[in-house]
**Student:** 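Input: one structure, supplied below.
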Amino acid sequence: MGYKLNKNWMLRKINIAVIGCGGTGSFIVDSLIGLDTALKQLGHQGLSVRMFDGSNVTPTNLIRQKFLPFQVGENKAKALEFIANSLHEKDFVAVPEYFNISNKYNNEVHTADLIITCVDKPSVRYALSQLNNADTMWLDCGNGRSSGNVVLGDMKPKPQKALPNICDLYDYSQLSDADSEVKSCSAEQSISRQEFGVNQHCASHAISILWNLVRNGTIDHHGVHFDLKAGTVDPIKVCENEWLTYGYELPV
């Protein structure tokens with residue numbers, strides 16, 4: 001079946017909003033730095049990246065997140081802005097606040113070509129699913145202790161939808177944010193809560209899908225389920241029959 005790239009992405013900078021700059025989000029931003037460089041060397045204008053996060057770097061974050069030791073205590077979005085701009089000569093922009101669908105930065109998200117979510121809270125995913133923005137793609141990254149999933153979809157209203165997003169395949173409307181509030185206060189708690197390498201693995205799959213779409217103009221799978229403990233990776237194919245297994249049916 002396959003999904004084809006919006007040709008406008010190849011004519012100008014690709015505007016990206018990264019929501020969540022912690023475990024997976026910090027590795028996503030690190031990969032976007034490389035992706036921007038690769039695209040520019042191929043003659044593309046590259047990426048315009050805006051990063052949202054209201055939390056600060058802690059010592060335990062250094063175990064599973066892509067920050068430098070001297071950045072402990074700094075805002076995560078600002079810390080990644082420093083890495084991208086001062087160390088790699090990018091022009092990424094930090095928004096040192098938690099993303100809220102109704103805040104003053106809502107316009108930046110509405111006008112993004114791609115939203116990448118790396119958050120634990122179901123409420124954020126559900127709120128984004130209500131935007132119905134015909135021109136925006138949504139790449140969601142989620143993971144548990146040793147497994148995770150990545151899903152790329154569009155944000156069109158259902159009658160126009162061509163590629164289901166994370167909230168089309170899974171129902172987030174009734175899920176609580178309560179479980180996402182668990183914090184890791186020590187290295188032992190951090191590792192026991194989530195295996196080392198899960199965040200990097202999740203980010204790698206997400207950027208791989210994005211790269212294949214931009215580089216080749218089409219993709220035949222728009223997501224993956226992975227399990228590091230079992231050593232498995234299962235693609236989510238661009239296929240109506242596969243979407244039916246999730247209870248999703250394309251509009252007629």
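Start at 1 with the first residue, then count along the sequence. Every heavy atom of this structure was used, including side-chain atoms; hydrogens, water molecules and symmetry mates were not.
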**Student:** Distance check, rounded to the nearest 0.5 Å: Leu210 atom CG versus Leu47 atom CG?
**Tutor:**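 The CG atom of Leu47 is 7.5 Å from CG of Leu210, to the nearest 0.5 Å.
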**Student:** Report yes or no: do Lys156 and Thr136 form a side-chain donor-acceptor pair below 3.5 Å?
**Tutor:** no
**Student:** Please give me the minimum heavy-atom distance between Ile28 and Cys141, naming the atom from each residue.
**Tutor:**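 That would be CD1-SG, 4.2 Å.
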**Student:** Mind checking side-chain hydrogen bond (donor to acceptor under 3.5 Å, both in side chains) for Glu74 and listing every partner two or more places apart, or none if nothing turns up?
**Tutor:** none
**Student:** How close do Ser31 and Ile207 get, counting heavy atoms only, and between which atoms?
**Tutor:** CB-CG1, 3.4 Å
**Student:** Side chains of Asn199 and Thr24: donor-acceptor distance under 3.5 Å anywhere?
**Tutor:**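 Asn199 vs Thr24: donor-acceptor pair found between side chains.
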**Student:** What distance separates Leu114 CG from Met137 CE, expressed to the nearest 0.5 Å?
**Tutor:** 7.5 Å
**Student:** So, for Tyr3 and His222, is the gap between ring centers shorter than 6.0 Å?
**Tutor:**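 No, they do not, as the ring centres are separated by 6.0 Å or more.
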**Student:** What are the two closest heavy atoms between Leu152 and Leu139, and how far apart are they?
**Tutor:**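 Leu152 and Leu139 have their closest heavy atoms at CB-CD1, 3.8 Å.
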**Student:** Would the number of heavy atoms belonging to other residues, nucleotides or ligands and lying under 6.0 Å from CD of Gln130 be above 12?
**Tutor:** yes
**Student:** Can you name the nearest heavy-atom pair linking Leu42 to Arg215, along with the distance?
**Tutor:**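 Heavy atoms only, the tightest pair is CD1-NH1, 3.6 Å.
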**Student:** Name the one of Asp140, Asn165, Thr117 that satisfies side chain to side chain donor-acceptor pair (under 3.5 Å) with Arg125?
**Tutor:** Asp140
**Student:** Would you confirm whether Asn61, through its side chain, and Thr58, through its main-chain N or O, come within 3.5 Å as a donor-acceptor pair?
**Tutor:** yes
**Student:** Using a 3.5 Å distance criterion without hydrogens, assess whether the side chain of Asp30 forms a donor-acceptor pair with backbone atoms of Ser26.
**Tutor:**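 Not a single qualifying donor-acceptor pair exists.
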**Student:** With rounding to the nearest 0.5 angstrom, report the CD1 to CG distance, Ile166 to Asp171.
**Tutor:** 11.5 Å
**Student:** Apply salt bridge (Lys or Arg N to Asp or Glu O under 4.0 Å) to Lys40 and list each qualifying residue two or more places apart in sequence or on a separate chain.
**Tutor:** Asp36
**Student:** Roughly how far, to the nearest 0.5 Å, is the CG atom of Asp234 from the CG atom of Asn149?
**Tutor:**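 If we round to the nearest 0.5 Å, Asn149:CG and Asp234:CG are 11.5 Å apart.
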**Student:** Can you name the salt bridge (Lys or Arg N to Asp or Glu O under 4.0 Å) partners of Arg12, sequence neighbours left out?
**Tutor:**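 Result, salt bridge (Lys or Arg N to Asp or Glu O under 4.0 Å) vs Arg12: Asp113.
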**Student:** Donor-acceptor check, side chain of Gln45 to backbone of Leu11, threshold 3.5 angstrom: yes or no?
**Tutor:**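 Side chain of Gln45 to backbone of Leu11: a pair is present.
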**Student:** Between His44 (side chain only) and Gly46 (backbone N and O only), is there a donor and an acceptor less than 3.5 Å apart?
**Tutor:** yes
**Student:** Checking Lys161 side chain against Asp154 main chain: does a donor-acceptor pair fall under 3.5 Å?
**Tutor:**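 Side chain of Lys161 to backbone of Asp154: a pair is present.
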**Student:** Please answer whether the main-chain N or O of Cys21 pairs with a side-chain N or O of Asp53 as donor and acceptor at a distance below 3.5 Å.
**Tutor:** yes
**Student:** Please check if any side-chain donor atom of Gln65 sits under 3.5 Å from a side-chain acceptor atom of Lys76, or the reverse.
**Tutor:**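 Gln65 vs Lys76: donor-acceptor pair found between side chains.
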**Student:** Do you know the tightest heavy-atom contact between Trp243 and Lys237?
**Tutor:**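 Residues Trp243 and Lys237, closest heavy atoms: NE1-O, 3.3 Å.
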**Student:** Verify, without hydrogens or angle tests, whether Glu242 (side chain) and Cys239 (backbone) share a donor-acceptor contact under 3.5 angstrom.
**Tutor:**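 Between the backbone of Cys239 and the side chain of Glu242 there is no qualifying donor-acceptor contact (under 3.5 Å).
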**Student:** How are the rings of His225 and Tyr246 set relative to one another: parallel (under 30°), tilted (30 to 60°) or perpendicular (over 60°)?
**Tutor:** parallel
